[in-house]
Amino acid sequence: MKIFYSPTSPYSNKVRMAARHAGIAAEGVLTDTNGNPPELIAQNPLGKIPTLTTSDGKAIYDSRAIMHFIDRETKGKLYPRNAEKRTEVEMLEALCDGICDCLLAIVYEKRFHPPEKIHQPWIDRQWEKAGRGLDHLNANMPKTGAKLHAGHFALAALLRYLELRFAGEWQKGRPKLKNWSKKFEKFFPDYAQFKV
Ligand SMILES: N[C@@H](CCC(=O)N[C@@H](CS)C(=O)NCC(=O)O)C(=O)O
């Protein structure tokens, strides 16, 4: 099994941490999407990471489809069996991924436009969404103990991305969120390896 990934991609980090936790052996294939690598495009026409290739050559994307695949392969290591609890975990994952979507939109707006074409109102709109999401997380932190689930990995990946691209810009007024990584790392010591 292979996972096309980049250490700076939050969705890649989410699935790679989850695979590690669930005991899925997948070889990481370091991938720069900017170059449209043919081996990635052959698996995923969208040219996005993460993309997983199974041992029998099937491609699986996007990150949530990969998470569900890992969960099925490991008989439920990532999502609770109970329907209500599962929905809660899926919502946490959706919120964390959604905040990453907003943050990525900001990064791409700046990266793929010449300075005079960067549209600040679009950046502000995305930053507002991300801010509301982060406030919601800070007010509704997930219980975190030895039994980790997909939502924890999505949150851990989001925090790594914030540290990487928005250092010092998101912690104010969100002490619980700021301190959560330390707690998570106690239960997932490999978290340090997912820092760029
Ligand atoms: N919804 C997708 C998002 C994947 C995504 O946007 N990945 C980024 C890297 S973090 C990417 O591949 N960007 C390259 C591109 O869009 O060309 C998922 O959850 O996997």
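Quick caveat, the model's predicted, so the values are computed rather than measured. Start at 1 and go down the list; that is how both ligands and their atoms are numbered. Numbering of residues begins at 1 and proceeds along the displayed sequence.
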Inset, instruction - Examine the side chains of Thr144 and Lys183 and answer whether a donor and an acceptor come within less than 3.5 Å of each other. - result: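 Distance-only check fails for Thr144 and Lys183.
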
Check: every ligand 1 N/O to protein N/O pair under 3.5 Å:
{"unit_1": "ligand 1", "atom_1": "1 (N)", "unit_2": "Asp62", "atom_2": "OD2", "d": "3.1"}
{"unit_1": "ligand 1", "atom_1": "7 (N)", "unit_2": "Ile49", "atom_2": "O", "d": "2.8"}
{"unit_1": "ligand 1", "atom_1": "12 (O)", "unit_2": "Ile49", "atom_2": "N", "d": "2.9"}
{"unit_1": "ligand 1", "atom_1": "13 (N)", "unit_2": "Tyr108", "atom_2": "OH", "d": "2.9"}
{"unit_1": "ligand 1", "atom_1": "19 (O)", "unit_2": "Ser63", "atom_2": "N", "d": "3.4"}
{"unit_1": "ligand 1", "atom_1": "19 (O)", "unit_2": "Ser63", "atom_2": "OG", "d": "2.6"}
{"unit_1": "ligand 1", "atom_1": "20 (O)", "unit_2": "Ser63", "atom_2": "N", "d": "2.8"}

Inset, instruction - Would you please classify the geometry between the His152 ring and the His149 ring as parallel, tilted or perpendicular, with 30° and 60° separating the classes? - result: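 Ring orientation of His149 relative to His152: parallel.
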
Which pair of non-hydrogen atoms, one from [X] and one from [Y], has the smallest distance, and what is that distance?
{"X": "Thr54", "Y": "Met1", "answer": "CA-CG, 3.8 Å"}
{"X": "Met67", "Y": "Leu78", "answer": "O-CD1, 3.5 Å"}
{"X": "Val107", "Y": "Tyr161", "answer": "CG2-OH, 3.4 Å"}

Inset, instruction - State whether Phe194 and Arg160 meet the cation-pi test: NZ (Lys) or CZ (Arg) under 6.0 Å from the six-membered ring centroid, and within 45° of the perpendicular axis. - result: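 Negative - Arg160 is either too far from the ring of Phe194 or too far off its axis.
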
